[in-house]
Every structure is written in C-alpha cells, then in structure tokens.
Amino acid sequence: MFCRRKFLHRVKCIVPPDGQNFILKYIHPIDFEDLQEVNNRLRGNASHVRLTVDTIPNKSMFVFETFTGHLLTLAQKGLPLPVTKKILKDALTGLAQLHDQDIVHTDIKQDNVFINWQDRNGKIIVDKVQLGNLEDAAHIPPGCDMVGKQAGNWMWRSPEAHARGPVNKPSDVFSFALVCICAVHKRIIFAVREDELEEGVDPIAVVIERQISYFADEDGLNGFLKHLGDNPWVRVFEVTWDGLNQKTPRQPFVLWNGVDDDFKSLVCAMARFDPGERITARQALEHKWFEGV
C-alpha cells in the first residue's frame with residue numbers, strides 16, 4: 001500500500017470575534033487531499049475523533065479546535081481511576097469509530113488523546129476527550145494491509161509495525177493497550193533509557209525483546225510469524241525469542257504484581273502477539289474493566 005510522505009507542520013492559534021481559540025496546522029500539499037478525504041469520511045460518524053472544523057486550501061492548512069492538553073500530561077496528575085477509565089473509554093470509542101470506517105490511525109500514543117479539562121479547587125473535571133492527529137491515518141479497504149512502513153512512534157508501535165507490516169486495525173489496538181498501561185500505571189513500558197543500552201545496541205532491539213517477554217507465547221509468536229510471511233524481520237523475532245528462553249526468563253504481563261486482574265485481562269486481549277487473535281476496539285469497549293463507565 002502507498003505510504004504517504006512525512007507531514008511538515010507548524011502550529012499557531014487564532015482567535016475569532018467570539019473568543020474561541022483554534023489551531024492552524026500546515027499540511028504538506030501532497031497530502032492535503034488524502035487527509036481531507038479521511039476527515040470527510042469520518043464526518044458525522046466520529047464524535048470522539050478530533051476532526052477539522054475548516055480548511056484553508058490555498059494555504060494548505062487545516063483548522064482544529066483547541067484542547068486544554070493531552071493524556072500524556074494529564075495522566076501524571078494522579079487522576080482517580082474512574083476518571084482515567086472514562087478518558088480511556090472515550091478515546092477507545094474514537095478508535096472504534098475510525099475502524100468502523102476502515103480507517104487505521106497508525107500513530108496511537110498518549111499525546112494523541114486530546115482532553116479538555118478544568119481544575120476546580122484541585123479536582124480535575126474532564127469535559128471532552130477525542131482521539132486526534134490523523135496525519136498518518138490511512139483508509140485501508142477490507143482485504144488490504146499497509147506494508148513497508150514502520151508506522152508510529154517506536155515506543156508505542158506494534159510488533160508488526162516494527163517489522164514494516166502488514167499493519168491494520170489490530171496494530172492500533174496493540175498500541176492502545178500500551179496507552180492504557182501508561183495511563184493507569186504511569187509507565188511507558190517500551191521507553192529505553194541510554195543507561196539501559198549496551199554499546200552499539202539499537203533501542204528497537206530492546207523494545208522487541210520486551211514485547212516478546214511481556215506479550216508473546218509460543219502459539220502467539222507462531223501466528224505472528226505467519227502473519228509476517230516472507231519478511232526479513234522474521235529471523236529477528238525468532239532469534240530474540242530463542243535468546244529469551246535460553247538466557248533470560250520472560251516476564252509475561254499477565255503475571256505482573258500489583259496489576260488488577262480485569263485490567264490484565266483487557267490488556268492481554270488487546271496486545272496478543274498474533275494480530276489475528278487481538279480483540280477489536282469495539283470488543284474492548286465491552287470488556288469487564290469498563291463496566292459502569
């Protein structure tokens with residue numbers, strides 16, 4: 001599938017007469033029509049997705065509503081668990097709305113979950129949550145996949161995205177599982193510090209080792225390798241799997257201490273190593289962990 005060029009953008013605020021702030025975002029002209037088509041496909045069907053409110057075609061700019069911030073910063077404020085659950089459920093609803101229209105986000109991470117909130121005497125009140133930054137989103141018709149691109153940020157990327165495809169809706173779901181872990185437990189589990197790296201070791205090698213350690217089992221790995229097909233990354237995952245079994249015990253997420261059992265169940269279902277075995281965004285919304293939200 002055709003991979004669009006990386007977007008160049010600059011951002012500034014404008015204030016119309018009614019005082020409401022908006023963001024102007026420059027989109028490379030080669031991508032303008034593609035992104036406009038994505039927004040138009042979602043319009044009226046995506047209440048939890050941050051869409052354009054207007055465009056300036058002759059300037060190649062999109063106009064967006066401003067938000068107070070995003071989940072990456074708000075999650076550090078020690079939110080009550082029910083508030084965190086509501087934010088995650090709203091963002092997951094946005095992901096489901098994308099997938100309903102066969103649109104894959106490809107760059108799910110915490111700072112793409114936009115939130116309007118107010119601080120009322122030390123209590124955080126959340127007014128609105130939307131999943132945003134669709135610049136790398138792609139309409140992928142049924143029966144097709146995105147291949148040949150390491151889609152998304154390396155700390156939030158699915159195993160198949162590291163291997164340059166095939167990427168599709170399950171890849172978004174895997175990344176969203178990582179967002180859930182970070183929001184609830186304040187850990188970006190695939191962040192790699194410099195002092196953790198041996199000389200000459202690529203951080204992605206460490207990420208892949210952790211992905212296998214936390215979320216793979218033999219059946220899941222075999223299904224994943226079948227999913228990759230004739231792909232040079234197959235050997236990378238095989239060698240990493242063999243190395244873990246021989247030298248370092250795996251640390252499956254399902255066995256982590258201090259993690260709620262229902263939350264483990266949700267995350268493990270979303271982050272199964274075989275993409276074909278992951279639950280969908282719609283199925284995740286029905287999970288027991290979200291009951292009562």
Side-chain angles (χ1 to χ4, degrees), residues 48-50 69-99 104-115 117 124 126 128-133 151-161 169-191 207 210-216 220 251-275 277-293:
H48 286 79
V49 180
R50 188 191 189 210
H70 49 66
L71 183 56
L72 187 60
T73 54
L74 186 59
Q76 306 306 315
K77 293 183 176 291
L79 298 175
L81 183 58
V83 175
T84 299
K85 283 189 177 187
K86 181 63 166 61
I87 292 170
L88 290 173
K89 190 169 186 179
D90 284 352
L92 185 57
T93 298
L95 184 59
Q97 291 171 338
L98 287 179
H99 289 178
V104 181
H105 190 287
T106 80
D107 193 24
I108 297 294
K109 55 185 179 179
Q110 279 214 318
D111 46 348
N112 284 338
V113 177
F114 292 89
I115 307 171
W117 80 82
I124 300 295
V126 173
K128 187 175 185 178
V129 178
Q130 289 187 330
L131 185 63
N133 278 355
N153 181 282
W154 62 273
M155 290 184 289
W156 306 91
R157 192 183 287 155
S158 67
E160 63 272 18
K169 298 172 188 177
S171 305
D172 282 348
V173 172
F174 184 97
S175 298
F176 198 88
L178 308 181
V179 170
C180 291
I181 293 171
C182 188
V184 174
H185 289 280
K186 313 296 187 293
R187 291 183 59 187
I188 302 176
I189 60 174
F190 297 141
V207 173
R210 291 181 187 176
Q211 288 182 334
I212 291 174
S213 178
Y214 301 163
F215 298 116
Q251 299 175 318
F253 182 79
V254 72
L255 300 180
W256 286 17
N257 294 324
V259 181
D260 174 78
D261 286 343
D262 288 336
F263 186 67
K264 285 181 180 178
S265 172
L266 171 65
V267 168
C268 288
M270 298 177 77
R272 288 173 182 148
F273 221 75
D274 180 355
E277 295 297 319
R278 292 175 201 153
I279 61 173
T280 67
R282 286 286 174 201
Q283 289 170 334
L285 287 169
E286 300 301 319
H287 192 277
K288 184 179 180 181
W289 192 72
F290 284 119
E291 281 184 2
V293 177

Discussion item. Working to the nearest 0.5 angstrom, can you tell me the gap between Phe190 CZ and Asn153 CG?
Written reply: 12.5 Å

Worksheet entry | Worked verdict on Ile108 versus Val173 for side-chain contact (heavy atoms from CB on, under 4.5 Å) | CA-CA 8 Å; Ile108 297 294; Val173 172; over 6 Å; no

Worksheet item: Hey, does the side chain of His105 reach the backbone of Gly132 with a donor-acceptor pair shorter than 3.5 angstrom?
Response: yes

Worksheet item: Has the side chain of His48 got a donor or acceptor atom that lies under 3.5 Å from a matching backbone atom of Ala96?
Response: no

Fill in: side chain to side chain contact (heavy atoms under 4.5 Å, CB included) involving Val104 - partner list, sequence neighbours excluded
Thr106, Ile140, Asn168, Lys169, Asp172

Item to complete: Could you pull out all residues at least two apart from Arg50 that satisfy salt bridge (Lys or Arg N to Asp or Glu O under 4.0 Å)?
Response: none

Worksheet item: Measuring from Thr93:OG1 to Leu98:CG, what's the distance to the nearest 0.5 Å?
Response: 11.0 Å

Fill in: For Ala284, side chain to side chain contact (heavy atoms under 4.5 Å, CB included) partners two or more places apart
Leu92, Leu266, Met270, Ile279

Worksheet item: How long is the span from the SG atom in Cys182 to the CG atom in Leu71, to the nearest 0.5 Å?
Response: 7.0 Å

Worksheet item: What residues form a side chain to side chain contact (heavy atoms under 4.5 Å, CB included) with Ala271, not counting sequence neighbours?
Response: Phe174, Ala177, Phe215

Item to complete: Determine whether Thr280 and His99 make a side-chain contact, defined as any pair of heavy atoms from C-beta on separated by less than 4.5 Å.
Response: no

Worksheet item: When you measure from the side chain of Arg272 to the backbone N and O of Ala216, does any donor-acceptor pair fall under 3.5 Å?
Response: no

Worksheet item: Can you check side-chain contact (heavy atoms from CB on, under 4.5 Å) on Phe253 and Ile189, steps first, answer last?
Response: CA-CA 11 Å; Phe253 182 79; Ile189 60 174; 5.7 Å; no

Worksheet item: Shortest non-hydrogen contact from Phe290 to Leu285?
Response: CB-O, 3.9 Å

Worksheet item: Just how far is it from atom CG of Asn133 to atom CG of Asp111, taken to the nearest 0.5 Å?
Response: 7.5 Å

Worksheet entry | With sequence neighbours excluded, residues passing salt bridge (Lys or Arg N to Asp or Glu O under 4.0 Å) with Lys288 | none

Worksheet entry | Atom of Ala75, atom of Gln110 and distance for their closest heavy-atom approach | CB-NE2, 4.2 Å

Response to the item:
All heavy atoms of Val113 vs all of Ala91, minimum pair found to be CG1-CB, 3.8 Å

Worksheet item: What closest approach, in Å, do Leu131 and Gly94 show between heavy atoms, and which atom pair accounts for it?
Response: CD2-C, 4.2 Å

Worksheet item: What pairs with Arg282 under side-chain hydrogen bond (donor to acceptor under 3.5 Å, both in side chains), at least two apart in sequence or on another chain?
Response: Asp100

Item to complete: Any pair with a residue in residues 253-270 that passes side chain to side chain donor-acceptor pair (under 3.5 Å), sequence neighbours left out, goes on the list, sorted by first then second residue, please.
Response: Ser265-His287

Worksheet entry | Summary of salt bridge (Lys or Arg N to Asp or Glu O under 4.0 Å) pairs that have at least one residue in residues 80-89, sequence neighbours excluded | Lys86-Asp90

Discussion item. Any side-chain to backbone donor/acceptor pair from Arg157 onto Ala151? Under 3.5 Å, distance only.
Written reply: yes

Response to the item:
The side-chain hydrogen bond (donor to acceptor under 3.5 Å, both in side chains) partners of Glu160 (sequence neighbours excluded) come to Ser158, Ser171, Arg278

Response to the item:
Rounding to 0.5 Å, atoms CD1 (Ile87) and NE2 (His70) come to a distance of 12.5 Å

Practice prompt. Mind checking ring-ring contact (aromatic ring centres under 6.0 Å, His included) for Trp117 and listing every partner two or more places apart, or none if nothing turns up?
Written response: none

Practice prompt. For Gln76, enumerate each residue passing the side chain to side chain contact (heavy atoms under 4.5 Å, CB included) test, keeping only those at least two apart in sequence or located in another chain.
Written response: Lys186

Worksheet entry | Evaluation steps, side-chain contact (heavy atoms from CB on, under 4.5 Å), between Phe114 and Val129 | CA-CA 6 Å; Phe114 292 89; Val129 178; over 6 Å; no

Fill in: Test ring-ring contact (aromatic ring centres under 6.0 Å, His included) applied to Phe273 - qualifying residues, sequence neighbours left out
Phe224

Discussion item. Once rounded to the nearest 0.5 Å, what's the spacing between atom CD1 of Ile188 and atom CH2 of Trp156?
Written reply: 4.5 Å

Practice prompt. Say whether, by atom type as modelled, one donor and one acceptor occur between the side chain of Ser213 and the main chain of Gln251 under 3.5 angstrom.
Written response: yes

Worksheet item: Counting N and O atoms only, with roles assigned by atom type, does the side chain of Asn112 sit under 3.5 Å from a partner on the main chain of Asp107, one being a donor and the other an acceptor?
Response: yes

